[in-house]
Protein chains: 2
Amino acid sequence: MSAKIRAVNIDAYRSNKLLMNPMGQPRQNHLADFKVGVDNVIFSVDTHLHRLLVLLVKREDQPYQNYWSFPGTLVRMGETLEGAAHRILSEKIAVKNLYLEQLYTFGNPGRDPREAPDQYGVRYLSVSYFALIRYEDAQLMSKNLSQVSWHNVAAIPTLAFDHNQILDYGYQRLRNKLEYSPIAFEVLPELFTLNDLFQLYTTVLGEDFADYSNFRSRLLKLGFLKDTGQKISKGVGRPASLFRFDARAFAPLRDKPLVFV
Amino acid sequence: MSAKIRAVNIDAYRSNKLLMNPMGQPRQNHLADFKVGVDNVIFSVDTHLHRLLVLLVKREDQPYQNYWSFPGTLVRMGETLEGAAHRILSEKIAVKNLYLEQLYTFGNPGRDPREAPDQYGVRYLSVSYFALIRYEDAQLMSKNLSQVSWHNVAAIPTLAFDHNQILDYGYQRLRNKLEYSPIAFEVLPELFTLNDLFQLYTTVLGEDFADYSNFRSRLLKLGFLKDTGQKISKGVGRPASLFRFDARAFAPLRDKPLVFV
DNA sequence: GCAAAAGTGTTAGCCCTACACCCATGT
DNA sequence: ACATGGGTGTAGGGCTAACACTTTTGC
């Protein structure tokens, strides 16, 4: 026990993180030193199987070895936060389009076990990012696919660090954004049926958020969904029209509350 | 000039922040070291004069000496982010109630001139917080009031660091929150008239966001504003009823979109 | 023909908007 | 009395929710 504390202190001393006053107590009011990480909560939707997915990687190293976690990395010298988010994302997955925004920052002491137990060593702060990508376009980038994979949000295991909490934030952000912002079209393929869109909303927001026929007519009346004239047949039943999202027609509705749902 | 760079490098070396490879170039892929600050965007509304206010402090030290900035501080060892936000806030202002939430994190290289010019020294990351307080309850905490004061959001000077950008984020958050969340009651006094409430919305969202009589009946129908029966007279004209926000009656409307406006 | 999936139509009730109007008070 | 600010009422247009109905396909 005392050996462990001693080791911590030596390490802290060596990296000049922990300053002692002449009484051997840590100085009050001394600034904390941080390493800053980014963690990406990457969502996608499998329209066919109606599954909301999030991308997880299995940690190869300590701490939390073999736990699933969000793709994250520590920020390097000269690198922007968003740059770090893009870097780690592109190491795990290849994707054409991508929606990315900052989610939340977690930086309380003790959130990373690499911090010294007495909390006077280096601290690890995580800036989390929220991302959406098209399931069809995404290509996982691992030789060993067991290390990177999609997980159904409905069944997420205990994750490394405070990542379950980060997921809660991300999931809530996703639900909120769906209601007033056209992010659904970041997740859908270029051409989609209105049923695809409806299924996406149902998958994320729950089964009973709205009636299909009303959802349909409300969105069509808004005028930013363009019927391409093409039809697609999914087995039995009447073929569906393929639509395209027209960003230009949507522009005037920006910042208007509640266009969807 | 070269003396300055030398000073930076010595400082970086001393705190073990800048590692050189044998060629004298900074090592690639080396992690950045951060100091983490919090900056509070503290809003209040002067209901009488219809002014939206934000609290600024005048910087006493370099960099940006004598510029106005948000009350901010660097995070100390063992301190939570929110703890640091509360600490600096209570140094500048005494207040009974307080609404505080995280706003956004700014951490790109070069945002603080204390970073070495070549950007390979310590970096300064800022986690900004959004706060709302009651103007009547707030007591500025300065012997020298010229150093801490309310500023009309309509006329903000050039601020220190990237604080004008932070203000933009904060102002937008305020407007969004007003629409779907009961934060207005954090800013209003305990008892208020419906006209106070309406003036608050008008001040923040603009003159023509709604009709007073419709605003009034819509909110009253929702049932979380309790008429205390007390009247208050503001000079000439019919005295107004004083209302109180009933948080319990509001609870079922939590997370429901667009209860206001 | 029939089941399945896509798409259209209808109706009643609600809410939002834009006003007009009435009420209570100070001077 | 009348100006001033507080408060109520109402007619209409538009939107929503719920559900019935029609169309187009595969088998």
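Just so you know, these numbers come straight off a predicted model, no measurement behind them. Numbers restart at 1 for each chain; the letters A, B, ... are given by sequence-line order, proteins then strands.
- The interatomic distance linking B:Leu222 (CG) with C:dC16 (P) rounds to 9 Å, in whole Å.
- In this entry the distance linking NZ of B:Lys231 with P of D:dG5 reads 18 Å, nearest Å.
- Every residue two or more places apart in sequence or in another chain that forms a ring-ring contact (aromatic ring centres under 6.0 Å, His included) with B:Phe209 is listed here: B:Phe198, B:Tyr201, B:Phe215.
- B:Leu225 places its CG atom 12 Å from the P atom of D:dG7, with the value rounded to the nearest Å.
- Among the nucleotides D:dC19, C:dA18, C:dG26, the one closest to the side chain of A:Asn214 is D:dC19.
- In this model, the phosphate group of D:dG9 is not approached by any side-chain N or O of B:Ser213 to a distance below 4.0 Å at OP1 or OP2.
- Atom pair B:Lys234:NZ and D:dG7:C1' shows a separation of 14 Å (rounding to whole Å applied).
- If you take CZ of B:Phe209 and P of C:dC16, they are 13 Å apart, rounded to a whole angstrom.
- Of the candidate nucleotides C:dC16, D:dC19, D:dG9, D:dC19 has the atom lying nearest to any side-chain atom of A:Asp211.
- For A:Tyr212, whose side chain is taken as the heavy atoms from C-beta onward, the closest listed nucleotide among C:dG7, C:dT8, C:dT25 is C:dG7.
- The CG atom of A:Asp227 sits 14 Å away from the C1' atom of C:dT8 (whole-angstrom rounding).
- Taking atom CZ of residue A:Phe192 and atom P of nucleotide C:dA6, one finds them 14 Å apart after rounding to whole Å.
- For A:Pro239, whose side chain is taken as the heavy atoms from C-beta onward, the closest listed nucleotide among D:dG9, D:dC19, D:dT24 is D:dT24.
- Residue order along DNA chain D, read from the 5' end via each residue's closest nucleotide, puts B:Leu242 first among B:Leu242 and A:Gly235.
- Under the 4.0 Å criterion applied to side-chain N and carboxylate O atoms, A:Arg244 and A:Glu190 are assigned as salt-bridge partners.
- Interface remark: the A:Asn195 side chain does not form any donor-acceptor pair with the C:dA5 base, using a distance-only criterion of under 3.5 Å.
- Side-chain N/O atoms of A:Arg216 include one lying less than 4.0 angstrom from OP1 or OP2 on C:dT8.
- Whole-Å rounding puts the A:Lys221 NZ to C:dT8 P distance at 13 Å.
- Closest to the side chain of A:Arg238, from the set D:dT23, C:dT25, C:dC23, is D:dT23.
- Taking 4.5 Å as the limit, every side-chain heavy atom of B:Leu200 sits out of range of all side-chain heavy atoms of B:Thr47.
- Sequence order on DNA chain C of the closest nucleotides to A:Leu220 and A:Gly237 puts A:Gly237 first from the 5' end.
- Remark: A:Asp168 does not engage A:Arg173 in a salt bridge, criterion side-chain N to carboxylate O under 4.0 Å.
- Note: B:Phe224 and B:Phe250 have perpendicular aromatic rings, judged against thresholds of 30 and 60 degrees for the angle between ring planes.
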